[in-house]
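For reference, the structure is listed below as structure tokens.
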Amino acid sequence: MTLTNILVFIGAAALYVALLPERLRRWALYAGSIVAIYWLQPALRIENLDFIFPTATLVLVVLGWLLSRAPEQRWQREDTISAGIMVALVLALSLAGRMLVESVRITPSRPPSPVSLAVVAIIAAALLGGLSWIGHKRRLFVPAILLIVVLFVILKTTPLAEETARLLRERTGQPASLASASDLGWLGFSYVAFRLIHTLRDRQMGRFPELTLREYVTYAIFFPAFTAGPIDRAERFIKDLRALPGREPTHLTVGLGRIAAGVLKKFVIADSLAYFALDASKAAQATSTGETWVLLYAYAFQLYFDFSGYTDIAIGIGQLFGITLPENFQRPYTRRNITQFWQSWHITLSNWVRFYVFSPLSRYLLMRKHKPSPTVLALIGQMATMIVIGLWHGVTWHFVVWGVWHGVGLFMHKVYSDRTRMAYIRLRDRPRLNQWIGIAGTVVTFHFVVIGWVWFALPDMATSWDVFLRLFGL
């Protein structure tokens, strides 16, 4: 999200609050989110792809809504209006994108023709409409989740992304030799995928609320959180959406304050630290252990201020429109142990993986005839959870190692805390000693996390291992 994006969203919020009556606000968020995912999508080198990706996002979201509906939920007039608005907006964006010059059109490049889009819309409507009449939708949950995971793996695995880009370039008559993974920059897919899997799994478990098409689409692609989260839960988001506030100044004050804080973090502090932060070229230029540590510290804080700054901006914009998005960072570098760190860093992602990976895996292992011991169960659960979080950032070995690093850290802290619980309880009577142990724990945890960033920041295993050794003078 750029400063221009942020300023436009603030201006839109001012009009939204000042001019729109309450009965139209939910429709405005719905239509605005649809338009925004086309506007936020950056231009791509493959013809029409930057228009196709947002359109594919909408198709996947509608598929998610059809499958996550309760069996007794009926198609309502509001759903017909919502579907009509969605199709009309996509066709209007296509028509406007072809008629307007580049400097004033919303879409990043010239979109495909409205006629071809209309044909695709008719085919998609026929397929999705037929799907809505299928009785036993539970059978389709697993294929739908697998479809999302397969798309995710293709986008996150460089060789697969490059091969897909090469095929697309050949199909569009563009030079295949220039294909790269960056050709498939599907904005927001990772976060939308998590939201769709959440709704499908919760429907499968019979605990998902009944949502209209408008509510479901607004939740899945809500524009402040579309590009980098937080990953909200549908039941929490819908409470806010169904009770949008009036023109109370509180939301405006809080929202603008969070946006200002986020802009300072992201565009001032993080962008300044980027000049010193660890990357492959700076690592090659570092000539001493001290320089390598400075680069790594700068990277750790750049990453934090960049990501938490964006979260502040997303939460602030959400507040302007009356939606309170969940917090994602709570001073993670000040935590006393690695468990507390992961309860404070990218909180919504950690919660998602705990709900949909750690807990189901633990239940499965406990239901087996030969149950693992609690220690083995903790090791398997922690490692699986952190490797999934690593792979979510990219299907590469260095992200796997980063996940294993944190999985081992969480497991070791679990064993340590189990064996020292009584000693820590007795420390409550010795506050000064407890305080010093807490400070020592914060220093150790911070450096454990910082060293782990070596595997996160650098592009390959060889460079990461070289920098890792240099940190210890080897």
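The figures that follow rest on heavy atoms only: side chains count, while hydrogens, waters and symmetry mates do not. The structure presented is a predicted model; accordingly, all values stated were derived computationally and were not measured.
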Check [Y] with [X], please: is the shortest side-chain N to carboxylate O separation under 4.0 Å?
| X | Y | result |
| --- | --- | --- |
| Asp271 | Lys266 | no |
| Arg166 | Glu170 | yes |
| Arg258 | Glu327 | yes |
| Arg169 | Asp183 | yes |

Kindly assign one of parallel, tilted or perpendicular to the pair Phe468 and Trp455, based on the angle between their ring planes and the thresholds 30° and 60°.
tilted
Candidates Thr55, Asp50, Thr107 - the one meeting side chain to side chain donor-acceptor pair (under 3.5 Å) with Tyr38
Thr55
Identified side-chain contact (heavy atoms from CB on, under 4.5 Å) counterpart of Gln41 within the set Leu187, Thr57, Leu49:
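Checked Leu187, Thr57, Leu49 against Gln41; only one passes side-chain contact (heavy atoms from CB on, under 4.5 Å): Leu187.
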Counting the benzene-type ring for Trp, do [X] and [Y] have ring centres under 6.0 Å apart?
| X | Y | result |
| --- | --- | --- |
| His406 | Trp402 | yes |
| Trp465 | Trp397 | no |
| Phe226 | Tyr191 | no |
| Phe446 | Phe341 | no |
| His198 | Trp352 | no |
| Trp392 | His346 | yes |

If every non-hydrogen atom of [X] is compared with every non-hydrogen atom of [Y], which pair is closest and at what distance?
| X | Y | answer |
| --- | --- | --- |
| Gly97 | Pro111 | C-CD, 3.5 Å |
| Pro42 | Pro108 | C-CB, 3.9 Å |
| Gly64 | Leu200 | O-CD2, 4.2 Å |

N/O donor-acceptor pair under 3.5 Å between [X] side chain and [Y] backbone:
| X | Y | result |
| --- | --- | --- |
| Arg195 | Ala220 | yes |
| Ser464 | Asp460 | yes |
| Thr157 | Pro159 | no |
| His393 | Phe399 | no |
| Glu291 | Thr287 | yes |
| Asp79 | Leu213 | yes |
| Asn328 | Ile347 | yes |
| Arg25 | Leu20 | yes |
| Arg98 | Leu93 | no |
| Glu215 | Thr212 | yes |

May I ask you to check whether over 12 heavy atoms, not counting those of [X], lie within 6.0 Å of atom [atom1]?
| X | atom1 | result |
| --- | --- | --- |
| Phe276 | CZ | no |
| Met1 | CE | yes |
| Tyr275 | OH | no |
| Arg236 | CZ | yes |

Would you indicate whether the side-chain heavy atoms of [Y] and [X] approach each other to under 4.5 Å?
| X | Y | value |
| --- | --- | --- |
| Lys265 | Tyr304 | yes |
| Thr324 | Ile315 | no |
| Thr2 | Asn5 | yes |
| Phe53 | Phe189 | no |
| Asp202 | Tyr356 | yes |
| Trp453 | Leu296 | yes |
| Ser109 | Phe51 | no |

Contacts of type ring-ring contact (aromatic ring centres under 6.0 Å, His included), residue Phe411, not counting sequence neighbours
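Applying ring-ring contact (aromatic ring centres under 6.0 Å, His included) to Phe411 gives none.
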Donor-acceptor pair between Ser116 and Ser113 side chains, under 3.5 angstrom:
yes
